[in-house]
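Have a look at the structure below before the remarks.
Note that the coordinates shown come from a computational prediction; the quantities given were computed from them, not determined experimentally. The chains referred to below are lettered A, B, ... by the order of the sequence lines, with proteins before strands, and numbering in each begins at 1.
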Amino acid sequence: MTNVYLSDLLERVRKPARYLGKEINAIYKSVEEIKVHLVLAFPDLYEVGMSHLGLKILYALANKMPEVYAERVFAPGADMEKILRQENLPLFSLESNTPLHSFDLVGFSLQYELSYTAVLNMLELGGIPLYSADRNEADPLVLGGGPAVFNPEPLAPFFDFFVLGDGEEVLPEIIREYAFWKDKGRKREDFLEKITRIPGIYVPGLYEPVYSQGNFSGLKALKEGVPLRIEKRTVVDLEHAFYPDSFIVPYMEVVHDRAALELFRGCSRGCRFCQAGFTYRPVRERSLNKLKELAGAIIDKTGFEELSLSSLSSSDYPQIEKLIDELQAQFHQREVSLSLPSLRADSFALKLADKVQHNRTGGVTFAPEAGSQRLRNVINKQVSEEDILKAAARAIETGRSHIKLYFMIGLPTETEEDLWGIVELARKISRLRKVAKGRRRPFKIIISASTFIPKPHTPFQWEPLLDLERIKERQELLRQGLRKVKGVDFTWHEAKMSFLEAVFARGDRRLSTVLERAFKMGSRLDAWSDSFDFSFWEEAFRREGIDPGYYAYYHPHTSAPLPWDHISTGVSKQFLISERKKALEEKITGDCRESGCSGCGLNNCPVQKGEAGCTTIF
Amino acid sequence: MYHYLLTFSKAGDLRFISHLDLLRTFIRSARRAGIPAAYSKGYNPQPKFIFAAPLAVGIEGENEYLDLYLREAWETDVIKESLNRQFPDGLKVHKVSYVDLNRPPLSAMVSAALYKVLLTNVTPSIEKTLLDILNAETILLERKGKKNKKTLNIRPYIFLLSLQKREDGKGELFMLLATGNKGGVRPHEIMSILLMGDNAGSINTKIIRKDLFILENNRLKTPEGLSPLEYLEMRYYDGTKNYYQL
């Protein structure tokens with residue numbers, strides 16, 4: 001596509017900066033001078049995709065290889081899609097405006113189930129056959145990575161291969177293998193079979209699921225020698241792993257409009273509902289000095305006004321206070337502020353939040369997840385009511401505008417009593433509010449309730465989703481209960497979106513036809529409430545003769561084969577079973593870095609070897 | 001605190017970024033360059049980068065202005081070069097000058113903006129529409145606010161419309177339109193009138209803002225001191241027929 005033509009397109013769409021590229025630190029190369037042309041595809045809008053750390057790491061990493069040109073493409077907005085379809089134009093990359101079908105490799109970042117139809121849309125708009133089986137040597141290889149690949153089965157027929165776990169080491173291995181294969185001019189099948197030897201690569205076309213009496217009963221390998229179990233890849237030494245400093249600086253405001261400094265990867269808290277807590281094990285930290293060095297380089301090269309100290313639970317970084325103090329000293333005079341996402345619900349965390357926010361007028365957000373101590377024990381969320389109340393009291397005293405508390409509805413063993421616990425907690429915070437003196441403006445309590453979704457590779461992977469009607473009843477119960485508490489705003493998740501997410505989270509390959517049908521009927525960007533239309537999905541399931549309830553409410557015995565059994569996170573199934581048992585007994589499992597190895601089965605784990613404790617492992 | 005006036009241009013594909021995007025680009029470029037911006041006081045301190053007038057998405061700006069306040073005194077050339085080294089293609093500082101700290105920023109004084117639009121086919125109908133606009137006493141336009149619609153007369157905001165016809169049938173339309181805190185009309189609003197009926201298709205939608213004008217002693221002048229007519233005569237007028245009114 002010529003530049004003149006791109007300008008003409010951009011004249012006609014909303015937020016043209018989504019498709020413009022050319023940001024500071026975007027990388028441009030000559031297509032003639034490279035060997036492997038890769039596009040990193042994010043199946044959501046630019047402003048969502050550009051908030052994603054993984055994409056930025058892989059973009060910078062791949063482009064460091066001189067023979068590789070890695071570009072970006074995001075899901076087009078509805079207006080852009082309409083023009084592309086009407087004028088029969090292919091979806092193109094941001095950097096060189098190359099149609100997707102002309103790339104060597106198209107790598108999708110799979111973050112959430114509700115982005116699956118956007119993947120199909122991008123393939124179709126990019127001129128790539130939807131099904132792996134329909135592609136030939138002239139088509140790109142389509143790969144997927146990210147959290148959703150821990151059960152990739154509903155997407156299996158659309159992908160040539162999946163990459164499990166951390167991408168930093170495996171992506172260069174794939175690229176080298178591809179370059180070698182391209183030189184020899186071999187067949188696609190040869191390449192796909194060859195890469196099954198790279199640990200962490202899953203080629204779904206080489207396997208076939210077996211069903212008996214309507215249930216999944218196992219996966220059959222179609223070729224000899226392909227692995228029956230695929231282990232995720234782990235970057236063991238995060239300290240020396242690649243981390244970019246020249247982050248792209250978007251023109252338009254993106255969801256997380258700041259630079260990200262990843263303190264550590266993984267989390268050892270062991271919350272039983274949390275998929276990331278199991279799939280990203282073990283915890284791997286960067287040293288304080290490394291982080292300071294990276295932080296300085298990132299601000300020098302990007303000029304961002306805010307640096308996020310990111311991880312799954314940033315207040316758990318062993319030297320977090322020291323890190324904050326030293327970074328603040330380092331950025332003195334440069335007007336760079338720090339932010340802390342994902343804080344535990346306690347007053348230590350709030351103290352940290354106070355430290356990083358010069359003006360404490362904003363709100364604080366915590367996730368107690370459940371309303372009673374009993375249920376928090378079930379899910380192993382180790383935060384007490386006292387912690388939350390102390391944090392709330394401090395938030396009120398320090399003049400913050402609001403506290404936002406995240407809860408889940410439909411957790412295993414949940415009763416109405418647990419939900420009344422949420423109302424009771426809100427009431428206690430509301431009373432604290434009255435005691436506080438000298439506040440000029442009212443303190444808001446925001447209670448947000450999402451729906452618990454059973455996720456693969458967690459101790460709750462065998463649990464059913466709460467019935468759609470009961471979810472709505474419980475949302476209503478909370479709404480009514482909280483209406484009587486002063487100063488409370490209540491928000492909740494669209495139950496039908498949660499239902500779909502649950503279906504695809506624990507789905508198998510039979511769902512792929514439903515995805516294709518829903519996409520063809522017009523389903524797009526389902527995670528956006530303004531474009532979510534459940535009727536497409538009802539119709540798609542009906543026409544394919546598949547009952548979505550089967551997947552959402554599936555409650556198998558722990559000995560039953562699961563569609564994702566061939567995917568290994570390193571955590572043993574035995575551990576998940578024992579955690580499930582402890583959950584039902586309302587027993588907690590301590591954080592392994594504090595109370596010793598809990599026996600999750602992981603190899604190469606520093607805790608297991610007795611190396612980890614409250615100090616840094618380096 | 002030290003006060004500077006920057007003259008810059010925003011061209012090419014960068015016309016697709018918004019006013020706020022441009023502000024972020026300036027702030028981040030300045031931080032990369034190590035330029036010590038002065039900050040506003042209050043709960044949420046912001047760097048004191050004040051654009052003379054926001055530029056809408058899709059419009060190029062040839063002579064745009066920014067009042068810049070620094071904590072330390074920097075040489076004007078150093079500011080210019082440091083920013084240009086950090087800027088993306090399409091954004092360029094042309095001139096930096098010292099300004100008295102007490103002088104209000106240009107944004108408080110801007111009264112008009114001169115736009116140039118390329119016409120791909122100057123038809124009699126276009127010419128007639130232009131004359132009709134100039135001869136009208138009132139032109140009512142409906143504007144959608146956040147809550148309600150309101151109708152207003154935009155005619156007083158149109159200071160000048162001038163057409164430069166070329167031999168190949170193409171033409172350049174210059175529009176001097178009121179802008180700033182006393183009200184104004186947007187170039188796209190004039191274009192929507194021009195594009196009605198038979199005229200559709202004879203306009204290239206690319207619009208360039210040539211310069212901004214401030215009101216001084218009841219006279220419009222660019223920050224460089226040129227009046228609108230001096231501006232057009234010096235740079236564009238070649239004696240062919242044109243329509244204008246001041």
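- Within the 4.5 angstrom heavy-atom criterion, no atom of B/S18 approaches chain A.
- Figure legend: cation-pi geometry between B/R31 and A/F304 absent, as NZ or CZ is not positioned both under 6.0 Å from the six-membered ring centre and within 45° of its axis.
- Centroid-to-centroid, the aromatic rings of A/H52 and A/F42 come within less than 6.0 Å.
- With a threshold of 4.5 angstrom between heavy atoms, A/K15 does not approach chain B through any atom at all.
- Heavy-atom distances place both the backbone and the side chain of A/Q333 under 4.5 Å from chain B.
- Checking B/D211 against B/Y65 by side-chain atom types alone, a donor-acceptor pair falls below 3.5 Å.
- A ring-centre distance under 6.0 Å is found for B/F87 and B/F26.
- When heavy atoms are compared at a cutoff of 4.5 Å, A/L10 approaches chain B by way of both its backbone and its side chain.
- Within the 6.0 Å centre-distance limit, the rings of B/Y98 and B/Y4 are counted as a close aromatic pair.
- When each of B/R32, B/R71, B/Q86, B/R15 is scored by its heavy-atom pairs under 4.5 Å with chain A, the top score falls to B/R32.
- Interface remark: of the candidates B/L14, B/L20, B/D89, B/L14 forms the most heavy-atom pairs closer than 4.5 Å to chain A.
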